[in-house]
Every structure is written in C-alpha cells, then in structure tokens.
Amino acid sequence: MHEDALESRSVRCPYCDTPFALLVDASQGSHATCEDCRRCCAPIQVRIEVSSISGDIVSVTLGRDEDVL
C-alpha cells in the first residue's frame with residue numbers, strides 16, 4: 001500500500017444506510033474486497049475500478065454480500 005495512493009470516499013452501507021469514509025488504495029489497480037460495516041457489522045462487497053492509463057480511481061461500487069458485483 002502506498003499512502004500517496006490512498007483516497008477517502010464518502011459511501012453508505014448498503015444494509016443500514018450508515019455513512020462512512022472508505023479509504024481506497026489505487027496502487028492495487030482494479031480489485032474487489034470486503035469491508036464490514038462499522039455500525040451493523042454486515043459484510044459489504046467493495047469493487048474498485050482504477051484506470052490502467054492514469055491510475056486514477058474511476059468508480060467505487062458497494063453491494064450486499066449476496067449481490068454480484
């Protein structure tokens with residue numbers, strides 16, 4: 001992880017709608033990960049799309065555990 005590649009995104013839990021700041025690491029390229037909600041503890045799928053040309057974060061998509069991202 002490179003600290004200069006970390007970007008904070010404001011998102012909402014897809015289960016309880018609680019807003020939280022998600023730190024996204026663009027240095028890993030496009031990837032999927034799982035994050036637990038800090039309020040309801042539900043498992044949140046996170047898909048991060050990073051431009052292969054610029055290295056910028058294109059999108060951050062959150063979904064429920066049963067969603068297909």
Side-chain angles (χ1 to χ4, degrees):
M1 174 173 36
H2 298 94
E3 286 195 33
D4 56 338
L6 290 179
E7 184 178 319
S8 179
R9 292 286 177 113
S10 295
V11 296
R12 291 184 156 302
C13 173
Y15 295 93
C16 68
D17 203 38
T18 298
F20 64 96
L22 178 68
L23 280 179
V24 180
D25 184 2
S27 71
Q28 295 181 19
S30 295
H31 63 283
T33 187
C34 189
E35 180 86 21
D36 289 337
C37 175
R38 291 157 180 86
R39 180 173 178 212
C40 71
C41 299
I44 304 168
Q45 289 188 61
V46 182
R47 175 162 299 283
I48 297 132
E49 298 294 329
V50 177
S51 169
S52 59
I53 297 170
S54 67
D56 293 333
I57 298 169
V58 176
S59 67
V60 177
T61 308
L62 276 66
R64 293 174 174 245
D65 192 41
E66 66 271 6
D67 294 340
V68 178
L69 298 182

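- Thr18 places no side-chain N or O within 3.5 Å of a backbone atom of Arg39 that could act as its donor or acceptor partner.
- Here Arg9 pairs with Glu7, Val11, Val24, Ile57, Val60 under the side chain to side chain contact (heavy atoms under 4.5 Å, CB included) rule; sequence neighbours left out.
- Legend: residues meeting side chain to side chain contact (heavy atoms under 4.5 Å, CB included) with Ala42, ordered by chain and number and at least two apart, are Tyr15, Cys40.
- In terms of the side-chain hydrogen bond (donor to acceptor under 3.5 Å, both in side chains) criterion, Thr33 has no residue partners (sequence neighbours excluded).
- Between the side chain of Arg47 and the backbone N or O of Thr61 there is no donor-acceptor pair closer than 3.5 Å.
- Atom SG of Cys34 and atom CD1 of Ile44 lie 8.0 Å apart (nearest 0.5 Å).
- Applying the side chain to side chain contact (heavy atoms under 4.5 Å, CB included) criterion to Ser54, with sequence neighbours excluded, gives Ser51, Asp56.
- Scanning for side chain to side chain contact (heavy atoms under 4.5 Å, CB included) contacts around Glu35 gives Leu22, Arg38, Val46, with sequence neighbours left out.
- Residues satisfying the side-chain hydrogen bond (donor to acceptor under 3.5 Å, both in side chains) test with Arg64, not counting sequence neighbours, are none.
- A donor-acceptor pair under 3.5 Å is formed between the side chain of Gln45 and the backbone N or O of Asp67.
- Ala26 and Gly55 get closest at one heavy-atom pair: CB-O, 3.7 Å.
- Atom-to-atom distance recorded for Ile48:CD1 and Ser59:OG is 9.0 Å, nearest 0.5 angstrom.
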